[in-house]
Participant: 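Would you mind keeping the following structure in view while I ask a few things?
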Amino acid sequence: MTTVAPPAYDEVTATFEPVIGLETHVELGTRTKMFCGCPTAFGAAPNTQVCPVCLGLPGSLPVANKAAIEATIRIGLALNCSIAEWCRFARKNYFYPDMPKNYQISQYDEPLCTDGWLDVEVDGEMVRIGIERVHLEEDTGKTLHVGGATGRIHGASESLVDYNRAGIPLVEIVTKPVPGIGAKAPIVARAYVSELRDVIRSLGVSDVRMEQGSLRCDVNTSLNRPGEEWGTRTETKNVNSLRSVERAVRSEMIRQAAVLSTGGKITQETRHFHEDTGETTSGRSKEEATDYRYFPEPDLVPLAPDTAWVRELQAALPELPRVHRQRLQSEWGLSDLDMQSVVNAGAVELIEATIAAGTTAEAARKWWLGELSRKANETGVELAAIGATPQQVAQLQKLVDDGKLTDKLARQVLEGVVAGEGDPEQIMQARGIEVVSDSGALTLAVDEAIAANPEVADKIRGGNVAAAGVLIGAVMKATRGQADAKTVRELVLSRLS
Ligand SMILES: [Zn+2]
């Protein structure tokens, strides 16, 4: 079999138009589960947060969690949805070992929130993403396959099930199909998930941590030639970071283009995204899709949120991220373009917190968008997970402002912070980093440099100030970069005047 190289991304977008759609699951941060009183804390010992209801024991009856319903309505309102005046939960029937009841209580044709939108800014342009529905359901447990190399069931010697997560309230947010975004499809997908995460975080209803699975994303992608009907879509699962959302759409577009260009057909299927290779592989074909035999959940009364209550929730919504960002932009005095790069870097809240810890907007932005963004890109982690906190960045800047660190030394200290060596002052001590500010030691170094370079010294005495660079360089070298270059320059010129 010969392997044909996949097409380049710009070839793909020159020939095809993508349509994307996103399904996002958000675990709510309620104290108790959706239909019972079990606690929801993350990280407890397996199967210690369970009861007859969430274990699906015969005769147990669910009771809906009001806090979860309220959180879902607030998400719906923040996403400009209509809130149903009357709706029902439904049973979704399927067998899976991590689902003890053999059905999941979900919502089917009567979701709580419908027909909204979320505006997302991409390259200075606003893209409106339609929201099809926001509904409430319960999470499943977790299966752990042990003994295999990959953590998958294939090759495993045993499988363990933890039901602590079973029954935690889960909100599913489904977009309408998003056509007409061309080559920007991957970044639109990423910007949407990022904005949605910010919205939900601002509501305080979930910690929306992708790495802990409290926000999980499936991405639908299809391609069509211009003027043709939308193509067959695939659904990519396991997309667990913002970066992966972007990569998953891009790699799926390239894969589908390769198939279509050689006369092949796209199979409607779920695919798995692999963080390591950045590619998707085939999962379950939709042709074998289960018939879930949905029917209204007979053990729960219908859900009929009082309109006055919904109006109250609407009135009490917090300032949403986009409005919040506009306010920050004017407070920080940034252009649209500068603000956009702050948003793209995922640095809004980090800069905000750094300023709150006592730094100017300019300095906070310099560190997060400069040195720290560069490190985040190099190592492929989100900026927020880089290992430096806003407090540490503020401490670092204070040391620079107080003349205890030069910019160059501050970057060395920051390296230590990112490596987890502690706070800036601890690192300065441990690594022996400090500015040589003792003027006696500096004057000595300057005099040594002058003595070692008599011809250069003569030039400077003769008025050639530009020649001072050589002596400054020599002093910086002698002090291993721990002197402030401006001070050294002043000292050199005053000794030779
Ligand atoms: Zn329970």
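Whatever order the structure lists them in is the order used to number ligands and atoms, beginning at 1.
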Participant: Between the side chains of Q329 and D338, is a donor N or O closer than 3.5 angstrom to an acceptor N or O?
Facilitator: no
Participant: Testing the basics here: between E138 and G167, what is the closest heavy-atom pair and its distance to 0.1 Å?
Facilitator: OE1-CA, 3.7 Å
Participant: Quick one: name the protein N/O/S atoms under 2.8 Å from the Zn ion (ligand 1), chain by chain.
Facilitator: C36 SG, C38 SG, C51 SG, C54 SG
Participant: So among L242, V122, N344, V219, which one has a side-chain contact (heavy atoms from CB on, under 4.5 Å) with R190?
Facilitator: L242
Participant: Does anything in residues 33-53 pair up under side chain to side chain donor-acceptor pair (under 3.5 Å), and if so which pairs, sequence neighbours excluded?
Facilitator: none
Participant: Between T270 and E235, is any side-chain donor less than 3.5 angstrom from a side-chain acceptor?
Facilitator: no
Participant: Would you check, one step at a time, whether the test ring pair (Phe, Tyr, Trp, His ring centres under 6.0 Å) holds for Y103 with Y294?
Facilitator: CA-CA 9 Å; Y103 62 83; Y294 281 100; over 10 Å; no
